[in-house]
Amino acid sequence: TLLYTIKFEHCSSMSRKEDEPWPEIPPGYLISRLNKRVAAHESTVQSGLLSSPISHNPVEKKIESISESCAFKSGMAGVVGFGMGVFFGVFTAAIDPNLAGPVTEKPQTARDIYKEMLARSKSYGRSFGFLGLALSGTECVIESNRAKSDIKNSLYSGCLVGGGMGLRAGIMPACMGCAGFAAFSAAIDAYMKS
């Protein structure tokens, strides 16, 4: 298809009348144009098997820099975490036999069950969203400051977030939260990179 594109470019640049045949392409023209195209393409491609071409468009560069920023990554993790929390909340509320609490004299209505499912899905959504935002944000900031991408980033991030969440209850829960979240983050990171 590249040869046809080059032929079309050459022929469309020529002027001709309707009844005249297409002009002949000079010898060596296709080879020289093909070499120029291939050389231009190879100079803009990064090294690597599945790498994308380097963009020289300032709009694409701006979009790429925004999508690689820590704020965007942590925001996306928060949104995805919230969505997963809502789904998990609805799912657990649907299979929970004691949805509306202890049995009362009046029977449960669909409205009561819906309110309970809504409250549970909001609660789970906020929790999962905060967790995704905090873990992703701290890991991105740590990775940016260390300028390395290894499992230590997950360990440090998990320890910071788990320790911060457990600190409200005291020193010992903060230490347990740090250890637990660090182990969890490292296990997930090791699984994802394997």
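What you see is a predicted model, and the numbers here were worked out from it, not measured in a lab.
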Backbone N or O of Ile63 within a donor-acceptor pair of the Ser67 side chain at under 3.5 Å?
yes
Determine the minimum heavy-atom distance between Ser69 and Ile66, stating which atoms define it.
OG-O, 2.8 Å
Nearest heavy-atom pair of Ala77 and Gly132: which atoms, and what distance?
CB-O, 3.4 Å
To the nearest 0.5 Å, what is the distance between CE on Met165 and CZ on Phe181?
4.5 Å
For Cys175, all residues meeting disulfide bond (SG atoms under 2.5 Å apart), sequence neighbours excluded:
none
For Arg126, give me all partners under salt bridge (charged side-chain N to carboxylate O under 4.0 Å, His left out), at least two apart in sequence or on another chain.
none
Side chain of Ser144, backbone of Cys140: donor and acceptor closer than 3.5 Å?
yes
Sequence neighbours left out, what pairs pass salt bridge (Lys or Arg N to Asp or Glu O under 4.0 Å) with at least one residue falling in residues 182-193?
Asp189-Lys193
I'd like to check Phe82 versus Val86 (side-chain heavy atoms, cut-off strictly below 4.5 Å). Are they in contact?
yes
Hey, what do you get for CD1 (Ile142) to OG (Ser149), rounding to the nearest 0.5 Å?
12.5 Å
Counting only N and O atoms by type, is there a donor-acceptor contact under 3.5 Å from the side chain of Ser136 to the main-chain atoms of Leu133?
no
With clusters defined by side-chain heavy atoms of hydrophobic residues (ILVMFWY) lying less than 4.5 Å apart, directly or transitively, does Met192 cluster with Phe184?
yes
Closest non-hydrogen atom pair between Ser185 and Ser154, with its separation:
CB-O, 3.4 Å
Rounded at 0.5 Å granularity, tell me how far CG in Leu155 sits from CD in Glu139.
9.5 Å
How far does CZ of Arg120 sit from CZ of Phe91, to the nearest 0.5 angstrom?
12.0 Å
Is the side chain of Ser157 donor-acceptor paired with the backbone N or O of Leu135 at a distance under 3.5 Å, no angle test?
yes
Are more than 12 heavy atoms, taken from residues, nucleotides or ligands other than Ile171, located less than 6.0 Å from that residue's CD1 atom?
no
Pairs meeting criterion salt bridge (Lys or Arg N to Asp or Glu O under 4.0 Å) with involvement of residues 65-89, two or more places apart
none
Going from CD on Glu143 to OG1 on Thr138, what distance comes out if it is rounded to the nearest 0.5 angstrom?
11.0 Å
Suppose clustering is done on Ile, Leu, Val, Met, Phe, Trp and Tyr with side-chain heavy atoms closer than 4.5 Å. Which residues sit in the same group as Ile151?
none
Just to verify, what does Lys62 make a salt bridge (charged side-chain N to carboxylate O under 4.0 Å, His left out) with, not counting sequence neighbours?
none
Is there a side-chain contact between Glu116 and Asp112, using heavy atoms and a 4.5 Å cut-off?
no
Heavy-atom pair of closest approach, residues Asn153 and Lys148:
ND2-O, 2.8 Å
